[in-house]
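Lettering follows sequence order; numbering is per chain, from 1.
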Number of protein chains: 2
Amino acid sequence: MTAQRKQEGTKSIPGTLHVPEECRQVSEVLQRIGDKWTVLVVGELGGGPRRFNEIRRGLGSISQRMLTLTLRGLERDGLVTRTVFPTVPPRVDYELTKLGRSLLDPVNQLGSWARQNQPAIRQAREKFDAVAR
Amino acid sequence: MTAQRKQEGTKSIPGTLHVPEECRQVSEVLQRIGDKWTVLVVGELGGGPRRFNEIRRGLGSISQRMLTLTLRGLERDGLVTRTVFPTVPPRVDYELTKLGRSLLDPVNQLGSWARQNQPAIRQAREKFDAVAR
DNA sequence: CTGGATCCATAGCGATACTG
DNA sequence: CAGTATCGCTATGGATCCAG
């Protein structure tokens with residue numbers, strides 16, 4: 001942690017894996033799934049296919065507008081499929097694709113991190129806010 | 001993948017780990033680090049302590065306002081430390097805390113996912129956009 | 001060099017009303 | 001039931017100017 005920065009320029013560190021290129025991609029994905037609802041919807045769909053209002057009730061507070069937009073985004077990125085049953089009243093099922101399910105894994109990793117460290121974060125936050133003026 | 005939804009109500013699935021509670025935490029963390037710059041700054045600091053303008057040049061395009069805000073947020077959450085050297089001109093070093101470095105791991109996991117699947121995502125996106133009107 | 005203060009444009013999101 | 005359309009609020013972020 002001491003002798004580590006002489007003139008690494010743009011070459012980045014060989015051992016670790018956060019090359020600028022990779023960082024950009026992480027950033028893109030995070031901005032994509034880092035909105036208010038995406039991961040919650042994905043989590044809900046992680047339990048199997050769901051209908052529109054099932055998801056809605058599962059999340060409790062999402063507006064139908066945001067649920068529509070979120071599902072459209074996920075569908076666009078190939079993370080969920082949308083299946084319309086031409087019945088009356090209409091029925092639409094949403095389900096994670098293979099790609100969508102593969103996302104559950106890294107997201108759960110981040111979930112573990114969150115659970116382990118959120119107390120520390122909250123503590124740091126309170127401390128910071130107490131000192132700040 | 002077939003016999004999986006009878007009446008699981010609010011109890012969620014035992015095998016997997018995306019209980020609503022956990023999902024909420026993931027969502028919070030993602031919204032926190034899912035902004036435009038946070039992970040990029042964390043990535044930059046992953047290479048060791050950096051000065052304000054070093055980070056800025058490392059990212060290339062961030063405004064100093066956003067860099068300040070991003071660093072403040074990270075400092076508030078206990079993810080980076082801020083060290084002021086009372087010289088003239090002033091010099092300020094930012095460095096990941098242990099907590100901050102621990103975040104690199106799950107973030108890199110997501111980075112791997114991003115690299116592996118972004119081609120598929122882009123492809124799905126183009127296909128969707130082509131069909132959509 | 002490090003950042004605070006302002007102003008402004010845009011994106012995200014909620015509320016509500018309307019439709020097949 | 002599953003959306004679409006519209007509105008308005010707030011958050012996010014960039015540009016610019018000022019200061020220790």
Side-chain angles (χ1 to χ4, degrees), chain A residues 5 24 27-42 44-45 49-77 80-95 125 128-129 131-133, chain B residues 5 24 27-42 44-45 49-77 80-95 128 131-133:
Chain A
R5 49 196 288 251
R24 265 196 35 259
S27 184
E28 277 184 40
V29 176
L30 277 174
Q31 285 177 72
R32 173 61 190 75
I33 67 174
D35 63 23
K36 195 171 182 179
W37 299 110
T38 295
V39 285
L40 296 177
V41 171
V42 170
E44 188 73 16
L45 291 177
R50 294 284 140 87
R51 303 181 54 171
F52 188 86
N53 278 340
E54 275 182 325
I55 304 173
R56 195 166 178 203
R57 278 188 299 272
L59 302 186
S61 57
I62 190 173
S63 67
Q64 88 281 47
R65 171 184 140 86
M66 287 318 296
L67 183 51
T68 300
L69 290 178
T70 303
L71 287 168
R72 284 294 171 282
L74 288 169
E75 188 192 358
R76 183 170 108 105
D77 288 353
V80 312
T81 57
R82 178 173 181 271
T83 311
V84 181
F85 299 89
T87 60
V88 40
R91 170 205 175 116
V92 183
D93 269 26
Y94 292 92
E95 183 173 13
R125 207 173 282 191
F128 184 92
D129 293 348
V131 175
R133 70 231 81 188
Chain B
R5 47 195 290 251
R24 265 197 36 259
S27 183
E28 278 185 39
V29 174
L30 277 174
Q31 285 177 72
R32 172 62 190 75
I33 68 175
D35 63 23
K36 196 169 180 179
W37 299 109
T38 294
V39 285
L40 296 177
V41 171
V42 169
E44 187 73 16
L45 290 176
R50 295 282 139 91
R51 302 183 55 174
F52 188 87
N53 277 341
E54 274 182 325
I55 303 172
R56 196 167 176 202
R57 278 188 299 273
L59 302 187
S61 56
I62 188 173
S63 67
Q64 92 278 49
R65 171 183 140 88
M66 288 317 296
L67 183 51
T68 301
L69 289 178
T70 303
L71 288 168
R72 285 294 172 281
L74 288 170
E75 188 192 358
R76 182 169 109 104
D77 289 353
V80 312
T81 56
R82 178 174 181 269
T83 312
V84 181
F85 299 90
T87 59
V88 41
R91 171 207 175 114
V92 182
D93 269 26
Y94 293 91
E95 184 173 12
F128 184 93
V131 175
R133 70 233 85 176

Go through residues 57-67 of chain B and report each residue with a non-hydrogen atom lying under 4.0 Å from DNA chain D, sorted by number. B:Ser63, B:Gln64, B:Arg65, B:Met66
Kindly give the heavy-atom pair with the smallest separation between B:Asp77 and A:Arg125, and that separation in Å. OD1-NE, 2.8 Å
Output the rounded distance in Å from CZ (B:Arg50) to C1' (C:dC1). 17 Å
Locate the shortest heavy-atom distance separating B:Thr38 from B:Arg32; write the atom from each residue and the value. OG1-NH1, 3.7 Å
Kindly give the heavy-atom pair with the smallest separation between A:Tyr94 and A:Leu45, and that separation in Å. O-CD2, 3.4 Å
Does OP1 or OP2 of C:dC1 have a side-chain N or O of B:Tyr94 closer than 4.0 Å? no
Using the test salt bridge (charged side-chain N to carboxylate O under 4.0 Å, His left out), find all partners of A:Arg82 that sit at least two apart in sequence or belong to another chain. none
Side chain of A:Glu54, backbone of A:Arg51: donor and acceptor closer than 3.5 Å? yes
For A:Arg56, answer base if it contacts any base atom (sugar-phosphate contacts may also be present), sugar-phosphate if it contacts only those atoms, and nothing otherwise; contact means non-hydrogen atoms under 4.0 Å. nothing
Using side chain to side chain contact (heavy atoms under 4.5 Å, CB included) as the criterion, list what pairs up with A:Val88, not counting sequence neighbours. none
Could you give the CD-to-P distance, from B:Glu54 to C:dG3, as a whole number of Å? 13 Å
Smallest heavy-atom separation, B:Arg76 atom then A:Phe128 atom, equals CG-CD2, 3.5 Å
Non-neighbouring partners of B:Ser27 that pass side chain to side chain contact (heavy atoms under 4.5 Å, CB included), sequence neighbours left out: A:Val39, A:Leu40, B:Gln31
With sequence neighbours left out, what residues match A:Phe85 under side chain to side chain contact (heavy atoms under 4.5 Å, CB included)? A:Thr83, A:Thr87, A:Arg91, A:Asp93
Reading DNA chain D from 5' to 3', where do the contacts with chain B start and stop? Cut-off is 4.0 Å to heavy atoms. D:dG13 to D:dG20
Between A:Glu75 and A:Arg72, is there a donor-acceptor pair closer than 3.5 Å when you use the side chain of the first and the backbone of the second? no
Just distance, no hydrogens or angles: give the donor-acceptor pairs under 3.5 Å from side chains in residues 56-67 of chain A, sequence neighbours left out.
unit_1  : atom_1 : unit_2  : atom_2 : d
A:Arg56 : NE     : A:Ile62 : O      : 3.2
A:Ser63 : OG     : A:Met66 : N      : 3.3

Under 4.0 angstrom, heavy atoms only, what part of the nucleic acid is B:Phe85 near: base, sugar-phosphate, or nothing? nothing
Can you find a side chain N or O atom of A:Lys36 that sits less than 4.0 Å from OP1 or OP2 on C:dG14? yes
Axial bend angle, the helix from C:dC1-D:dG20 to C:dG20-D:dC1: five-pair end segments, nearest 10°: 40°
